[in-house]
Amino acid sequence: MPGAGPLPILVFAAGTSSRMGGADKLLQPVDGQPLIRRTVQQALATGHPVTVLLAPDRPARAMALRDLAVETVGVRDADRGMSASIRAGITSLPRDAPGAMFLLADMPDLETSDLAALVDAFHQAGGTRVVRAAGADGTPGAPSVVPRRLFKAMAALQGDQGGRAAMREEDVLLVPLPGRRALTDLDTPADWAAWRAARKK
């Protein structure tokens, strides 16, 4: 399989949780642990190197990861939007990285097998295409794997632009995941309440 070496995983965890009414969504308990810790453990279980992008004003998030074998990178200008985290993440990558997975920390339904499926699809496609998770119905979601050739364009993003702005002209390979795993992110207390209620059924 061409280029089937380590693929860095960037975990984006520098957001403000601004719609949570003062709570931190990344510290919400999922399967008995903070969501950020669960996400990072799922990433680590792939066997690929993991870097977590953190805002310096959220020390509790770093504390939740303190005994895990991950690199952490502080995003000092996190208040400038998602592009700040993207720049910090790309800067942290090794020069020989074939690409990187962009994994949002606030997606509680993702499993290690989902992340592994994306990595496999990236390598099987030759390491040159954008690979993006989708819902079971084909709706594009997250995470995505981005080839190295796009790093420069992504590092040039400004404001709250996410990686999609640099991928508009790309021939994206969608990888459907079970159910809504690639689509579920929880931004408000109501979102969390509905998700927990559905989980109990």
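Predicted model only: the values in this text are computed from it and were never measured. Here, residue 1 is the first one in the sequence, and each next residue gets the next number.
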Inset, instruction - Using modelled atom types only, decide if a donor and an acceptor are shared between the side chain of His48 and the backbone of Pro6 within a distance under 3.5 Å. - result: no

Inset, instruction - Provide the full list of side-chain hydrogen bond (donor to acceptor under 3.5 Å, both in side chains) pairs with a residue in residues 174-183, sequence neighbours left out, each pair given once. - result: Asp114-Arg181

Legend entry - All side chain to side chain contact (heavy atoms under 4.5 Å, CB included) counterparts of Arg76, not counting sequence neighbours: none

Inset, instruction - May I have all residue pairs that pass ring-ring contact (aromatic ring centres under 6.0 Å, His included) and include part of residues 56-91, sequence neighbours excluded? - result: none

Inset, instruction - Taking the side chain as every heavy atom from C-beta outward, state whether Pro147 and Val130 have any atom pair closer than 4.5 Å. - result: yes

Legend entry - By side-chain hydrogen bond (donor to acceptor under 3.5 Å, both in side chains) - contacts of Thr128 (at least two apart): none

Legend entry - Sidechain-backbone polar pair: Thr112 side chain, Ala45 backbone, donor-acceptor under 3.5 Å: no

Legend entry - Sequence neighbours excluded - salt bridge (charged side-chain N to carboxylate O under 4.0 Å, His left out) pairs with any residue from residues 35-51: Asp31-Arg38, Arg37-Asp67, Arg38-Glu111

Inset, instruction - Kindly state each residue pair satisfying ring-ring contact (aromatic ring centres under 6.0 Å, His included) with at least one member in residues 58-99, sequence neighbours excluded. - result: none

Inset, instruction - Using the side chain to side chain donor-acceptor pair (under 3.5 Å) rule, pick out the option among Asp109, Asp106, Asp191 that qualifies with Thr184. - result: Asp109

Inset, instruction - May I have all residue pairs that pass side-chain hydrogen bond (donor to acceptor under 3.5 Å, both in side chains) and include part of residues 89-98, sequence neighbours excluded? - result: none

Legend entry - Contacts of Asp187 that satisfy salt bridge (Lys or Arg N to Asp or Glu O under 4.0 Å) - sequence neighbours left out: Arg19, Lys25

Legend entry - With Gln33 via side-chain hydrogen bond (donor to acceptor under 3.5 Å, both in side chains) - residues at least two apart: Gln41

Inset, instruction - May I have all residue pairs that pass ring-ring contact (aromatic ring centres under 6.0 Å, His included) and include part of residues 50-82, sequence neighbours excluded? - result: none

Inset, instruction - Would you please name every residue forming a side-chain hydrogen bond (donor to acceptor under 3.5 Å, both in side chains) with Ser113, sequence neighbours left out? - result: none

Inset, instruction - Can you tell me which residue pairs pass the ring-ring contact (aromatic ring centres under 6.0 Å, His included) test with a partner in residues 171-201, sequence neighbours excluded? - result: Trp192-Trp195

Inset, instruction - Taking all heavy atoms of Ala13 and all of Ala105, pick out the closest pair and write down the distance. - result: CB-CB, 3.9 Å

